[in-house]
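Have a look at the structure below before the remarks.
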Amino acid sequence: MISTRGAGGVAPSEAILRGIAPDGGLYVPERFPHFKQEDMLSLVRMDYRQRAVFVLGRFLTDFTQDEISAAVRSAYAERFDCGEIAPLAAIGKNTYALELFHGPTLAFKDMALQLLPRLMTMSAKKNGETRTITILVATSGDTGKAALEGFLDVPGTECCVFYPEEGVSAAQKLQMVTTGGSNTHVIAVKGNFDDAQSGVKRLFSDKTFADALKGRVLSSANSINFGRLVPQIVYYFSAYADLLARGEIEMGEEVNFCVPTGNFGDILAADYAKKSGLPVGRLICASNENNVLTDFIETGCYDISNRPFYKTITPSMDILISSNLERLLFDLSGRDGMYVAKLMQALAQDGRYTITNQMKAAMQKDYAAGFVNQEGVQAEIRRMWQEEHYLMDTHTAVASAVLRAYREKTGDTRKSVVVSTASPYKFGASVLEAISDEGKGADDFDCCRMLAEKTGMAFPEQIRMLPELPIRHKASCMPEDMKAAVKQAVGAES
Ligand SMILES: *Cc1c(COP(=O)(O)O)cnc(C)c1O
């Protein structure tokens, strides 16, 4: 693995253990594996776990097949509420929903975060690391709970989550602050997601902080960690294999993926699948009102200076600084670490950067982009419920609406997969409001109950029982005090 800012030469296990490269860059594969048509044919005959072992093995080159197999078997097991793990639903002409919300916390983050802790402890062993691994997480809502559940009571690890105090849904917040376990810490940050993410990145590069955490080593469970990305590559291959298995596509036929995007991790995994040989047409990057990525993909200029931050009904996408874009920039620039470092410096200093016309042209060959506002999201949920009897969460609806607009604009008729990232019950009040006016004034949980009655779709227990659980995490801090908050949480005060 090499860093997007030039440093190089570590094995995948070390990249996973470190989380972020010492030069501040992100780890990427030195070269991509290549999946041939016969590999794709083998995938068709496999179940999700076997597909995961097959795909992960080609990326995690210093793990044995047995290790990967053991990690996959325990990650994708009974905590998922459906045996297919990542089922593909037909939701209209040439359109499918890749449902990634069947894991324990009901969001797609489980796909990676049920596996990452297992890869992390194996990586520690491989690298002779005996200190406690302290995982620092910044969350816009869903990563936090998924990381807490993934690392819950995993020996040799502790997990410390920062979430924006006013920036997550009621269910998301309760999911986090009611977490049990002896190694979990949850802290509210008085700021937005970008404040929390920047704060965590600062802690990673703070040498005195690392020294103060005696007997511990820091790592990340955010999608800056390559160990978060690889498990996400699997489900793009799996969706393609399912389409082949059902005779919906011919071998080699290109398929589009439309992805509701925040930190650019999910869509980048699709990009990596394409670079590894998956026949992907367009990657459609779907955003909400925080549409910095739409502008970037259309103009080649990434600009957050003077850009307002909107709080929306798709909180997991309320992000202006999309960390994983750095990995795309690295490939677009011909893997020029110096150039990427310069862009990142410009972003930090001036709040903007512009890529070359050549890079922009290359990007637009692979990517399209669009955004939709709150009314558009609710109209899409309503339309899909009425026309297809398919209930979507707000984030998935962003992608569905953006795909619709993309098709109208381009006339692209290729089969397209909408990546469905959360259960509608995670955002029950907004979803109910879209299809009915019964929920006015009711709290999130009453809305979920009404939603279940109205749609007949089961109300998942993980959300249903939340109001009964004791609140176990009450800490909060200012963004500039995150260092002290971590020390206090893990008991490393000097
Ligand atoms: C995290 C998240 C996203 C955004 O994914 P990124 O990998 O950050 O782009 C979209 N929808 C939901 C429900 C999420 O939890």
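Remember, it's a predicted structure, so these values are computed and weren't measured experimentally. Start at 1 and go down the list; that is how both ligands and their atoms are numbered. The first residue of the sequence shown is numbered 1, and numbering continues consecutively from there. Hydrogens, waters and symmetry mates play no part in the numbers below; they use all other heavy atoms, side chains included.
- Between Asp366 and Lys274 there is a salt bridge, since a side-chain N of the basic residue sits under 4.0 Å from a carboxylate O of the acidic one.
- Contact check on Glu166 versus Lys190 returns no salt bridge, with no Lys/Arg side-chain nitrogen under 4.0 Å from an Asp/Glu carboxylate oxygen.
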Worksheet entry | Worked verdict on Asp318 versus Asn290 for side chain to side chain donor-acceptor pair (under 3.5 Å) | CA-CA 6 Å; Asp318 290 345; Asn290 295 298; 3.1 Å; yes
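- Pairs engaging residues 381-390 under the side chain to side chain donor-acceptor pair (under 3.5 Å) rule: Glu99-Tyr390 [sequence neighbours left out].
- Under 4.0 Å from any atom of ligand 1, one finds heavy atoms of residues Phe108, Lys109, Asp142, Pro260, Thr261, Gly262, Asn263, Phe264, Gly265, Asp266, Ser316, Met317, His395, Thr421, Ala422.
- Judged by distance alone, the side chain of Gln364 and the main-chain N or O of Glu298 form a donor-acceptor pair under 3.5 Å.
- Under the 4.0 Å criterion applied to side-chain N and carboxylate O atoms, Lys145 and Glu149 are assigned as salt-bridge partners.
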